[in-house]
2 protein chains.
Amino acid sequence: MVVSLKDIAQRAGVSLATVSNVVNGYRPVGERTRQRVQQAIDELGYSPNLGARHLRRGRTGLIALAVPELTNPYFAELAEIAISEAAGLGYTLLMENTAADRDAELALLDGSRQRVIDGLILSPVRIGREEVLARTADSPLVLIGEGVYDVPHDHIAIDNVAASHAAIRHLVSIGRRRIAFIGATQGGDRQSAHLRVQGYREALAAAGLPYRPRLVARTDAFGRLDGKRAMRDLLALGDRPDAVFGYNDLVAIGALRALAEAGHRVPEDVAVVGIDDIEEGRFSAPTLTTIAPDKREIGRLAVRRLVARIEGAEVAGSLTVQTPFQLIRRESTGARGG
Amino acid sequence: MVVSLKDIAQRAGVSLATVSNVVNGYRPVGERTRQRVQQAIDELGYSPNLGARHLRRGRTGLIALAVPELTNPYFAELAEIAISEAAGLGYTLLMENTAADRDAELALLDGSRQRVIDGLILSPVRIGREEVLARTADSPLVLIGEGVYDVPHDHIAIDNVAASHAAIRHLVSIGRRRIAFIGATQGGDRQSAHLRVQGYREALAAAGLPYRPRLVARTDAFGRLDGKRAMRDLLALGDRPDAVFGYNDLVAIGALRALAEAGHRVPEDVAVVGIDDIEEGRFSAPTLTTIAPDKREIGRLAVRRLVARIEGAEVAGSLTVQTPFQLIRRESTGARGG
DNA sequence: GCGCGGCTCTATAACGTTATACAGGCGATG
DNA sequence: CATCGCCTGTATAACGTTATAGAGCCGCGC
């Protein structure tokens with residue numbers, strides 16, 4: 001049997017309202033009564049009906065984290081952090097998979113899901129500034145990753161241009177001159193790819209190296225297979241690069257695979273760098289040099305800002321936070337050991 | 001502004017009940033009225049308040065999938081499938097992370113979370129038959145993976161013993177004689193490890209090979225690092241195995257890494273087989289031979305059975321389904337190409 | 001001695017739905 | 001022509017909770 005406030009009230013011989021006050025302390029209750037009520041709660045094993053509470057309060061205690069792919073370890077690792085942070089704040093985090101689909105992102109942005117969640121953390125891929133501005137829903141929204149700037153929402157990301165700089169500087173520092181980039185995109189979507197390409201170009205220029213469009217490979221998506229295909233295409237071109245910078249670790253790992261299959265040595269023939277620092281890169285052969293964003297910071301910050309907004313803290317304007325990152329050298333650029 | 005049934009009713013000049021009937025078709029509505037109501041809905045952009053609906057119907061439309069680790073690609077891949085299957089049936093799937101923690105599993109089993117979800121799909125790791133039997137909550141429960149048998153709940157898994165057989169037979173067929181197992185456990189928890197070890201022993205016996213306890217390595221968890229450490233320990237033992245069967249792909253990938261660091265060639269010196277067929281194993285160097293469970297089938301079946309129970313289909317008794325699996329040969333046991 | 005404020009507690013009206021009971025109209029049936 | 005049943009639609013009571021208004025009681029100050 002499922003116990004409600006009424007059962008407790010009956011058992012303890014008090015009114016509904018008093019039990020409610022004992023449970024959530026909205027108004028003070030006398031010590032004797034409180035004990036009687038508490039005892040009844042313990043005996044009957046009451047736990048509040050969240051649906052009813054939601055109906056009354058207008059909040060569900062649910063927030064969502066929407067990512068383009070659950071199977072990308074970067075997002076899985078981020079999700080684990082966010083889930084535990086949300087739990088600590090009394091919220092339940094719901095994972096949404098947009099599958100990098102524009103309609104899915106739009107639906108989430110102001111769709112019906114909003115009726116059940118108190119707020120949304122979104123990693124946009126296919127939508128841009130206009131779509132976000134056109135949003136009608138009024139529940140709080142926090143953006144993570146890149147793609148959308150200058151909108152009235154909190155935004156947490158790393159500085160992609162700077163991250164690219166760091167990667168390219170590292171490759172230049174170990175003597176590479178023909179540096180390719182894998183993971184550019186066609187359209188204006190996925191801005192982070194643009195930013196990473198931009199950082200790549202700037203850093204090349206800063207190092208006095210020429211920008212060769214042929215060395216920038218486009219991909220449809222950003223998985224291992226995309227990286228592998230792009231690397232294969234680059235190799236087929238004839239003028240082999242001596243280094244590759246991948247849009248993310250998955251793309252870089254795909255590139256590693258293509259290089260191995262083509263019989264090229266990493267890092268001797270071609271050095272490889274990714275972004276994300278997923279665990280897989282610490283176990284690949286060779287291990288993968290990467291730009292490590294502070295996932296813990298990103299996950300915690302995103303949840304905390306969202307919850308702050310939900311709970312009404314009129315935090316000053318929208319806030320864009322750039323979290324730190326770090327270059328981690330591993331075998332794919334010549335570091336020794338694991 | 002947030003529109004409710006009342007607003008629609010007013011606009012269309014009908015009663016609340018009629019609008020409700022248009023929305024969810026509980027009772028038929030005349031064609032003319034239906035059109036007027038539908039128009040009002042479209043114009044005002046109504047979407048039902050799920051909290052209220054939950055309160056009234058006693059169902060939330062939320063189901064949960066609880067896994068021991070989100071960052072295990074096997075579960076991430078399974079989750080993607082389950083999420084889309086659930087969406088197709090009109091349910092939202094909530095991911096829960098038990099972090100392989102006993103208390104977390106227990107809390108989920110009959111804890112307060114039950115008040116917000118209609119049913120639970122659980123991949124148990126630390127709890128067994130007794131705990132499941134002692135459960136008080138009465139919402140439907142579907143178990144996936146191994147660990148708990150003979151309980152009155154639906155259960156979907158592969159035949160672990162048979163899977164182990166297939167793996168060992170394969171290793172024997174390519175001439176291996178000293179076959180190690182990585183991923184045994186200490187206690188009675190994580191039954192699947194027991195079953196996989198059991199299959200390993202049986203298959204050794206069937207092949208006329210001796211069972212050497214020293215070649216069975218225990219691990220605390222089942223990640224890459226655990227596999228790497230265990231492999232390192234096995235190598236330190238002196239009598240090097242000529243093949244390794246890992247509890248799962250992650251463990252096997254960790255083993256690959258340890259072998260590479262120790263300078264052993266795979267598969268020439270040591271062949272390696274895992275279980276799960278995660279994408280990572282198709283890109284590792286060497287690519288990983290694995291036992292591939294039918295993740296699509298498992299995910300879809302789990303969701304469908306759970307929903308069937310929720311919706312009251314008194315399906316005959318509890319059902320244990322064993323889904324098919326398949327051996328996929330790759331480089332780590334001598335197959336050529338990707 | 002009376003009024004007034006503070007302290008507990010209670011009664012009750014929402015929140016937005018859905019299911020039940022009921023009412024009116026109209027054609028078919030006896 | 002009266003009656004029955006079907007078909008549409010309505011009014012309304014829940015579901016379990018929380019917030020608001022208010023009731024009873026006690027002690028204190030004038």
Side-chain angles (χ1 to χ4, degrees), chain A residues 1-38 40-41 44-62 90 112-118 139 311-312, chain B residues 1-38 40-41 44-62 90 112 114-118 139 310-312:
Chain A
M1 171 202 142
V2 60
V3 279
S4 73
L5 276 191
K6 193 156 63 175
D7 303 313
I8 305 293
Q10 218 156 24
R11 174 98 167 206
V14 296
S15 78
L16 268 181
T18 301
V19 181
S20 171
N21 282 329
V22 168
V23 172
N24 57 49
Y26 169 65
R27 297 222 324 206
V29 174
E31 190 48 31
R32 277 180 54 85
T33 339
R34 134 164 282 115
Q35 285 187 2
R36 259 212 331 282
V37 171
Q38 190 57 52
I41 289 179
L44 296 183
Y46 166 78
S47 74
N49 178 318
L50 298 180
R53 177 173 283 178
H54 164 211
L55 177 57
R56 188 60 240 243
R57 291 218 266 229
R59 281 202 223 135
T60 60
L62 255 49
S112 56
R113 207 27 79 59
Q114 295 291 358
R115 294 301 290 263
V116 74
I117 59 173
D118 294 340
S139 60
E311 300 187 344
Chain B
M1 171 200 145
V2 59
V3 277
S4 73
L5 275 192
K6 193 156 62 175
D7 302 313
I8 305 293
Q10 218 157 25
R11 174 100 167 203
V14 295
S15 79
L16 268 180
T18 300
V19 181
S20 171
N21 282 330
V22 169
V23 171
N24 56 48
Y26 168 65
R27 293 210 338 197
V29 173
E31 189 49 32
R32 277 181 54 83
T33 339
R34 135 164 282 114
Q35 284 186 2
R36 257 213 331 283
V37 171
Q38 189 58 53
I41 289 179
L44 296 184
Y46 166 78
S47 74
N49 178 320
L50 298 180
R53 177 175 281 178
H54 165 211
L55 176 57
R56 186 61 240 239
R57 293 219 265 228
R59 281 201 224 134
T60 60
L62 256 49
S112 56
Q114 294 291 357
R115 293 303 291 264
V116 75
I117 60 173
D118 294 339
S139 60
I310 290 170
E311 299 187 344

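Here the structure is a predicted model, which is why all the values come from computation and not from measurement. Throughout, a chain's letter reflects where its sequence line sits, starting with A, and its residues are numbered from 1.
With rounding to the nearest 0.5 Å, the separation of CG in A:L5 from OG in A:S15 is 10.0 Å. The CD atom of B:Q38 lies 9.5 Å from the CD atom of B:Q35; values are rounded to the nearest 0.5 Å. In this structure, CG in B:L55 is found 12.5 Å from CZ in B:R53, a value given to the nearest 0.5 Å.
Looking only at distances, no side-chain donor or acceptor of A:R59 sits under 3.5 Å from a matching main-chain atom of A:H54. Listed for the B:N21 side chain is no donor-acceptor partner under 3.5 Å among the backbone atoms of B:V29. A donor-acceptor distance shorter than 3.5 angstrom exists from the side chain of A:D118 to the backbone of A:T60, with no hydrogens or angles considered.
Residue order along DNA chain D, read from the 5' end via each residue's closest nucleotide, puts B:T33 first among B:L55 and B:T33. Of the two residues contacting DNA chain D, namely B:A52 and B:V14, the nearest-nucleotide position lying further toward the 5' end is that of B:V14.
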Protein N or O to nucleotides 19-22 of chain D N or O, pairs below 3.5 Å:
from   : atom 1 : to    : atom 2 : distance (Å)
D:dT20 : OP2    : A:Y26 : OH     : 3.0
D:dG22 : O6     : A:R27 : NH2    : 3.1

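Here the P atom of nucleotide C:dC7 and the CZ atom of A:R34 are 16 Å apart, to the nearest Å. Across the protein-nucleic acid pair, B:D7 atom CG and C:dT17 atom C1' stand 13 Å apart, rounded to whole Å. B:L5 has its CG atom 19 Å from the P atom of D:dC15, to the nearest Å. In this structure, A:H54 atom NE2 and C:dA14 atom P are separated by 19 Å, rounded to whole Å. Regarding B:I8, its CD1 atom lies at a distance of 13 Å from the P atom of C:dT18, rounded to whole Å. At whole-Å resolution of the value, CZ in A:R32 and C1' in C:dC7 are 16 Å apart. Nucleotide C:dC15 holds its P atom 18 Å from the CG atom of B:L50, rounded to whole Å.
Between A:R53 and D:dT18 there is a side-chain N or O to OP1 or OP2 distance below 4.0 Å. A close approach under 4.0 Å does occur between a side-chain nitrogen or oxygen of B:S15 and OP1 or OP2 of D:dT10.
Closest approach to the B:P48 side chain among D:dT18, C:dA11, C:dT17 is made by C:dT17 (side chain taken as heavy atoms from C-beta onward).
The salt bridge (Lys or Arg N to Asp or Glu O under 4.0 Å) contacts involving residues 10-25 of chain A comprise A:R11-A:E43, where partners must be two or more places apart or lie in separate chains.
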